[in-house]
Amino acid sequence: MPDVPTPATPRHVAIVMDGNGRWAADRGRVRTVGHRVGGTTVRAAIKFARQRNVRVLTLYAFSQENWSRPEAEIQVLMRLFARAFRQEVAELHREQVRLRFIGARTRLSAALLQTMASAEALTAANTGLEVIIAIDYGGQWDICQAAQRCVTDGLAVSPEAVTARLSTAGLPDVDLLIRTGGERRLSNFLLWQAAYAELYFTDTLWPAFDDAAFDDALQWFATRQRRFGAVPLGHAVTPQSVPARAARS
Ligand code: IPE
Ligand code: IPE
Ligand code: MG
């Protein structure tokens with residue numbers, strides 16, 4: 001019988017940080033105010049994940065589909081990203097956080113790409129929490145680029161070969177995927193890596209997602225029984241447990 005343990009703490013938590021615009025609108029403010037406040041939530045969530053011994057925290061910051069937003073909003077977001085990556089990296093480095101970025105990187109500015117590369121280089125040897133920022137990211141893009149690399153490498157496209165060429169190669173699969181903001185969809189996030197993730201949806205908007213809300217998600221995760229297609233412990237079918245007629249047919 002396969003042993004399918006349910007560890008209380010997820011190794012890899014991924015979050016769709018949704019609801020910034022609505023959080024601002026609820027307060028009569030422009031959407032970008034929500035993005036700014038959402039940035040402080042990111043800082044707190046990283047701290048909380050460290051405290052809870054999560055190994056990998058992947059944050060969806062900007063999807064490939066988000067390029068279809070108004071130019072002014074995109075510009076504000078890009079400025080916020082550049083500032084955050086520059087300002088936070090020293091402190092994250094002190095805390096042994098390893099910072100990495102996943103995404104296509106084809107439409108980001110050279111200056112932002114440079115900031116991202118510096119942050120990755122500075123923190124590359126750190127051994128604490130891994131924080132992966134998905135920016136200009138799409139799950140379909142990720143699978144396609146991995147499959148394309150299999151072809152370039154002269155390999156048959158297999159689950160193992162694709163996994164080893166995804167932008168998340170080397171990281172454990174997602175255990176817990178959280179989406180704030182009330183929608184129940186993946187919006188092209190880690191489609192392959194979340195194949196067996198536990199999905200947690202909350203109406204809480206991202207800027208309001210505090211430690212207590214994060215804790216609720218972790219507590220919910222700890223109650224899940226993960227089966228990975230197997231059968232629950234103690235429920236395996238043994239030759240003795242199969243009725244004689246069923247066993248014959
Ligand atoms: C998520 O918040 C942040 C990004 C997609 C960059 P939204 O901007 O999608 O906020 P809502 O969903 O419109 O409230
Ligand atoms: C998903 O949120 C993308 C990020 C949080 C970065 P969206 O607000 O873009 O998703 P949809 O459009 O509601 O699916
Ligand atoms: Mg949204």
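Counting starts at 1 for both ligands and their atoms, following the listed order. The figures that follow rest on heavy atoms only: side chains count, while hydrogens, waters and symmetry mates do not.
The residue from E73, R22, E65 that puts a heavy atom closest to atom 11 (P) of ligand 1 is R22. When R69, Q64, M17, E183 are checked for heavy-atom proximity to atom 7 (P) of ligand 2, R69 turns out nearest.
Atom CD of E65 has more than 12 neighbouring heavy atoms from other residues, nucleotides or ligands inside a 6.0 Å radius.
Of all atoms in ligand 2, listed by their number and element, those nearer than 4.0 Å to a heavy atom of V16 are 1 (C), 5 (C). Ligand 1 places these atoms under 4.0 Å from at least one heavy atom of R31: 7 (P), 8 (O), 10 (O), 13 (O). For ligand 1, the atoms sitting less than 4.0 Å from at least one non-hydrogen atom of H35 are 3 (C), 8 (O), numbered in the order shown with element in parentheses. Taking every non-hydrogen atom of F62 and a distance limit under 4.0 Å, the qualifying atoms of ligand 2 come out as 6 (C). Residue contact check: R185 has heavy atoms under 4.0 Å from atoms 11 (P), 13 (O), 14 (O) of ligand 2. Taking every heavy atom of R179 and a limit of under 4.0 angstrom, the matching atoms of ligand 2 come to 2 (O), 10 (O), 11 (P), 13 (O), 14 (O).
Across R31 and G21, no two heavy atoms sit closer than the pair NH1-CA, 3.6 Å.
Annotation: G21 places an N or O atom under 3.5 Å from an N or O atom of ligand 1; distance criterion only. The shortest N or O to N or O distance between Y60 and ligand 2 is not under 3.5 Å. Residue W23 has no nitrogen or oxygen atom sitting less than 3.5 Å from a nitrogen or oxygen atom of ligand 1, judged on distance alone. Of the N or O atoms in N66, none lie within a sub-3.5 Å distance of an N or O in ligand 1.
Q145 contributes a side-chain N or O that, together with a main-chain N or O of R165, makes up a donor-acceptor pair within less than 3.5 Å. No donor-acceptor distance shorter than 3.5 angstrom exists from the side chain of R43 to the backbone of E88, with no hydrogens or angles considered.
I15 and L171 sit in two unconnected hydrophobic clusters of ILVMFWY residues. Membership requires side-chain heavy atoms under 4.5 Å apart, directly or through other members. Y137 and W206 fall into different hydrophobic clusters, where Ile, Leu, Val, Met, Phe, Trp and Tyr side chains are chained together by heavy-atom contacts under 4.5 Å.
Considering T168, D142, T163 as possible partners of W192, the one that fulfils the side-chain contact (heavy atoms from CB on, under 4.5 Å) test is T163.
Between F62 and W67, the angle of the ring planes goes over 60°, which puts this pair in the perpendicular group of the 30/60° scheme.
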Worksheet item: Where do M116 and L108 land on the side-chain contact (heavy atoms from CB on, under 4.5 Å) test, with the steps shown first?
Response: CA-CA 10 Å; M116 288 158 54; L108 301 172; 3.9 Å; yes

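Side-chain atoms of V33 and R27, non-hydrogen and from C-beta on, never get closer than 4.5 Å to each other.
A heavy-atom separation below 4.0 Å is not found between G181 and ligand 1.
At the top of the distance list for atom 14 (O) of ligand 2, counting protein heavy atoms only, stands S187 OG, 2.6 Å.
Sorting the N, O or S atoms of D18 by how far they are from the Mg ion (ligand 3) puts OD1 first.
The distance from the Mg ion (ligand 3) to the nearest N/O/S atom of E183 is not under 2.8 Å.
In summary, the side chains of N126 and H93 do present a donor paired with an acceptor at a separation below 3.5 Å, with no hydrogens or angles considered.
For A61, every heavy-atom contact with ligand 2 shorter than 4.0 Å involves the backbone, none the side chain.
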